[in-house]
S.K.: 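Attaching a single structure in C-alpha cells format; questions to follow.
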Amino acid sequence: MSGADAGARGSVLVVLGLGTSGPAPGTQVPQHVVDAVGDLVRHARAAQVPVVWVRDVDGPSGTGDPAGPAFAGGLGPVGEEFTVDKHRLSAFHATELDIVLRAHRADRVVLAGAWTDVDVLYTAADAHQGDYHVHVVTDAVAGTSAQAHRDALEAIRYLQRDAVLGAAEATGRWAASTAGAVR
Amino acid sequence: MPDSTDHETFRPQGQVVLVVVDIQGAFVPGQDAEDEPGLGFMPGRAGRTRRSVDLVDEFRRRDVPVVFIQEVHKPSLVDIGRELDGAEGPHAIEGDPATELVPGLDPRPDEYVVRKRRYSAFHGSALEVVLRRYDARSLVLIGAMTDVCVRYTAVDAHQRDFAFHTVGDLVVGSSQEAHDAALRSMRALRADGVVSSEAVLGWLRAQDATSTGAVLAGAR
C-alpha cells in the first residue's frame, strides 16, 4: 500500500469508547490512551480528516440526548463533527455511522479508543465487511486485558494485513498527503 | 484452550436452531482434505467435520431446526470486498466443487441454505428473517472458521439479542492460536457462549425424555 493511499483524503477518524458512561462501568480507559487519542484528533483536524465520536448509550434517555454522556479527557466534537450513539458493540450496528462515512466520501476508517477487543474489533470487522479499508492506531487503543488486546489486533490483521498502525505512521501519512494537496 | 473448560451444561432459552457455518469443501473419498482453495485451517478439520455431520443428524432426528450457511463469491471476484486484503486468497468460488457443502450435510427441501458474501452470516443475508420465522432465541453454532465467520456471526447474533452457543469442539479455526483466542472472546461476550458437543447432545437426549413423557402423559 502506498502512503498516498492511506492519506488524509477518504479517511475518517472514528473515536470509540471514551464516553464517560461506557459499557464497563468502573473500568477506566488509561490516561495515556486518552492522551494519545487527543493527539490523534488534533493531527486529524490539522489534516482535514473528519473525526466521528461514538458514544455508548443505554436506554431511551440516552438516545440523541445532546446533554448525554460526555467524553473523557475534555475531548469531544467541535464544529460539525458527528456524534454517533450506539447501543451494542459495533459502531455500525443500528447506527448512522455508515451514513456519516458516506457523507464524508470515506473509503478508509481509522479507529482509536476503547476497547480493542470489543468496540474496536467488532467495528473493524463491520468496516471490513462494508468494504472500507480499516486501520487501528495501536498506541491509541486500550484492551480489557493485555492478552485480549493482542488477540484482537491479531484478528484485525487477519482481515487486512496493513490494518494496524502506530500513531506516528498514521499522522505522518495524513500530514504528507495534506502537504501534497497544498502543493 | 482445552474443551474441558467448555460449559458442561447447555440450558438454552426458548427455541433452539442449529446454524451450520461454512462447512464446505470437496472431500475425496478415503482422503481427508484439510484445506480449501485460498483458506488454511488448523489441524483436525476432517474429524470435526465428520462429527458435525453427525450432530446435524441428531438435531434432525428431534425436529430441531437446522440452517445451513454457505459462503459464495463470483469467479470474477467482483463481490469479494476486502477479503483479499488480509490472510485469505480467492475462496468459495461459485461453481467450484470445493464451494459446495460437504457430502453428508445434504440440506433437505424443508431446510434453509443461506448464502453469504461476507464473514458474518447476518451481513447482507436473509438469516435474521429465517431465524425469526422459526421464532429462534438460542443459536448453536458449528463450522468454520472459529476466528472469522463463526466469531463474527456470534457477535452479530449477540447484538441482535439471540443467545449464541458455539460448540468449541465442532468449530475449526485458521490456526490453533486464532481458534483459542476467538473462543476466549466469545466466552467474554456470554458466560455460556462456548459449549461442548457432549453438553449439546445431553440436551438433545433430554428432549427425547421430555417428548416421550409428553406422549405417555397424553396416552394416559
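Quick note on labels: first sequence line is chain A, next is B, and so on, each numbered from 1.
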S.K.: Relative to chain B, which segment of A/Gln160 carries a heavy atom at a distance below 4.5 Å: side chain, backbone, both, or neither?
M.R.: both
S.K.: Apply side-chain contact (heavy atoms from CB on, under 4.5 Å) to the pair B/Arg160 and A/His93, showing each step before the final yes or no.
M.R.: CA-CA 9 Å; B/Arg160 285 164 171 78; A/His93 188 85; 3.5 Å; yes
S.K.: Can you tell me how far NE2 of A/His128 sits from OG of B/Ser120, rounded to the nearest 0.5 angstrom?
M.R.: 12.0 Å
S.K.: Heavy-atom distance under 4.5 Å to chain A: side chain of B/Glu83, backbone, both or neither?
M.R.: both
S.K.: Within the supplied structure, the quantity of interest is the number of heavy atoms (other residues, nucleotides, ligands) at a distance under 6.0 Å from B/Arg60 CZ; does it exceed 12?
M.R.: yes
S.K.: Side chain, backbone, both or neither: which part of A/Ala148 has a heavy atom under 4.5 Å from chain B?
M.R.: neither
S.K.: Between atom CZ of B/Phe122 and atom CG of A/Asp126, what is the distance when rounded to the nearest 0.5 Å?
M.R.: 12.0 Å
S.K.: I'd like to know whether CD of A/Gln48 has more than 12 heavy-atom contacts from other residues, nucleotides or ligands below 6.0 angstrom.
M.R.: no
S.K.: Do NZ/NE/NH1/NH2 and the carboxylate oxygens of B/Arg184 and A/Asp117 come within less than 4.0 Å?
M.R.: no
S.K.: What part of A/Tyr158 gets within 4.5 angstrom of chain B, counting heavy atoms only: side chain, backbone, both, or neither?
M.R.: both
S.K.: Nearest 0.5 Å please: distance from the CZ atom of B/Arg151 over to the CG atom of A/Leu121.
M.R.: 5.0 Å
S.K.: Select one option (side chain, backbone, both, neither) describing which atoms of B/Leu189 are under 4.5 Å from chain A's heavy atoms.
M.R.: side chain
S.K.: If you measure from the Lys or Arg side-chain nitrogens to the Asp or Glu carboxylate oxygens, is any gap between B/Asp161 and A/Arg88 under 4.0 Å?
M.R.: yes
S.K.: Mark yes when over 12 heavy atoms from residues, nucleotides or ligands other than A/His43 sit less than 6.0 Å from its NE2; otherwise mark no.
M.R.: no
S.K.: Using a cut-off of under 4.5 Å for heavy-atom pairs, which of A/Ala94, A/Gly130, A/Ala152, A/Ala125 has the most such pairs with chain B?
M.R.: A/Ala125
S.K.: Which heavy atom of B/Gly81 sits nearest a heavy atom of A/Asp131, and at what distance?
M.R.: CA-OD1, 3.3 Å
S.K.: I'd like to know if the side chain of B/Gln159 and the backbone of A/Ser90 have a donor-acceptor N/O pair within less than 3.5 Å.
M.R.: yes
S.K.: What distance separates B/Arg82 CZ from A/Gln129 CD, expressed to the nearest 0.5 Å?
M.R.: 13.0 Å
S.K.: Counting heavy atoms not belonging to B/Arg108, are there more than 12 under 6.0 Å from its CZ?
M.R.: yes
S.K.: Distance check, rounded to the nearest 0.5 Å: B/Asp85 atom CG versus A/Leu159 atom CG?
M.R.: 10.0 Å
S.K.: Sort B/Tyr152 into side chain, backbone, both or neither according to what part of it lies under 4.5 angstrom from a heavy atom of chain A.
M.R.: side chain
